[in-house]
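Both counts, for ligands and for their atoms, begin at 1 and track the order of listing.
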Amino acid sequence: MSSAEVEKLKKWIDESDNIVFFGGAGVSTESGIPDFRSVDGLYNQKWKYPPETILSHSFFEANPEEYYRFHREKLIVDGVQPNRAHIRLAELEQEGKLKAVITQNIDGLHQAAGSKNVLELHGSLLRAYCSKCGKTADPDVMNKGTGVPRCDCGGVIRPDIVLYEEPLDDDITRKAVHYIRNADILIIGGTSLNVYPAAGLINYYRGNKLVLINLSETPYDRYADLIIHEKIGEVFASV
Ligand code: CNA
């Protein structure tokens with residue numbers, strides 16, 4: 001891929017050693033994981049309730065069976081691999097150019113690609129714990145089993161993700177603000193910037209190289225210094 005915008009991004013990346021990336025579900029669609037808001041995203045697929053209802057604390061507490069049906073059918077996609085966006089971001093970290101990946105994703109693909117400093121604002125599907133006693137649990141019983149997984153203590157095992165109605169982790173949020181505030185370039189990609197408080201974190205950026213890579217428009221387009229409405233994997237393959 002080559003365009004004036006992608007060339008400009010490449011030049012900025014070449015010249016910087018303080019890049020921060022902030023991403024969302026669109027980073028993983030090219031790996032085969034559906035996002036929420038695209039036409040083939042989870043919002044537009046048939047299910048009894050919208051994803052934000054099922055993925056809420058109160059729904060999980062009241063309907064763990066239904067939650068786990070959705071979890072195994074929709075959230076878990078077998079055999080997914082990092083795509084070129086994940087891989088290039090990991091390389092940029094290794095080259096000493098990228099300081100942190102801040103992600104709303106819960107799929108673990110940045111770490112699978114080799115990224116080390118990944119701030120998971122919404123947790124990870126690769127970790128589980130008991131909602132009653134707090135003991136760590138094997139994520140396989142949650143992701144691969146059937147029915148509602150339970151701990152020895154009888155409590156329901158839950159994913160270590162931030163469900164709607166639940167607060168973000170303070171420590172991770174503080175770190176994310178630190179990186180964003182001090183970044184030279186902030187690249188935002190594959191996110192509709194509709195989910196708060198995560199989306200609000202980008203307001204901490206103080207630089208003049210705010211890059212937005214997203215297929216569709218976002219509420220933040222007018223604040224961006226560079227906008228690329230292309231597939232993020234293809235863009236990162238070219239920079
Ligand atoms: P979203 O609201 O579904 O938005 C995704 C955005 O990405 C949309 O604006 C799309 O246009 C855009 N997009 C889709 N594919 C591409 C692509 N190849 N290149 C560039 N842009 C693309 O998702 P957000 O992340 O903004 O919403 C936050 C939620 C979704 C978070 O809480 C996530 O945990 C949750 N989510 C995560 C995953 C995952 O971990 N892979 C999957 C689905 C939902």
Exercise. So, does E230 sit close enough to ligand 1 that a heavy atom of it is under 4.0 Å from the ligand?
Worked result: yes
Exercise. Do any nitrogen or oxygen atoms of V195 lie less than 3.5 angstrom from nitrogen or oxygen atoms of ligand 1?
Worked result: no
Exercise. Are G23 and ligand 1 in contact, using a heavy-atom cut-off of under 4.0 Å?
Worked result: no
Exercise. Linking I/L/V/M/F/W/Y whenever any side-chain heavy atoms sit under 4.5 Å apart, do L210 and V177 land together?
Worked result: yes
Exercise. Is the Y49 to F59 ring centre distance short of 6.0 Å?
Worked result: yes
Exercise. Can you find a side-chain donor-acceptor pair between N117 and Y179 that sits under 3.5 Å?
Worked result: yes
Problem set entry | Per-residue contact class, P34 against ligand 1 - non-hydrogen pairs under 4.0 Å | backbone
Exercise. Out of curiosity, is N194 lining ligand 1, as in a heavy atom under 4.0 Å away?
Worked result: no
Seminar exercise, completed: With heavy atoms and a 4.0 Å threshold, my read on which part of Q104 contacts ligand 1 is both
Exercise. What about I232: any of its N or O atoms under 3.5 Å from an N or O on ligand 1?
Worked result: yes
Exercise. Can a donor-acceptor pair be found between the side chains of D221 and T218 at a distance below 3.5 Å?
Worked result: yes
Problem set entry | Heavy-atom side-chain contact between N143 and Y68 under 4.5 Å | no
Problem set entry | Any G233 heavy atom less than 4.0 Å to ligand 1 | no
Exercise. What part of S28, side chain from CB on, backbone N/CA/C/O, both or neither, has a heavy atom under 4.0 Å from ligand 1?
Worked result: side chain
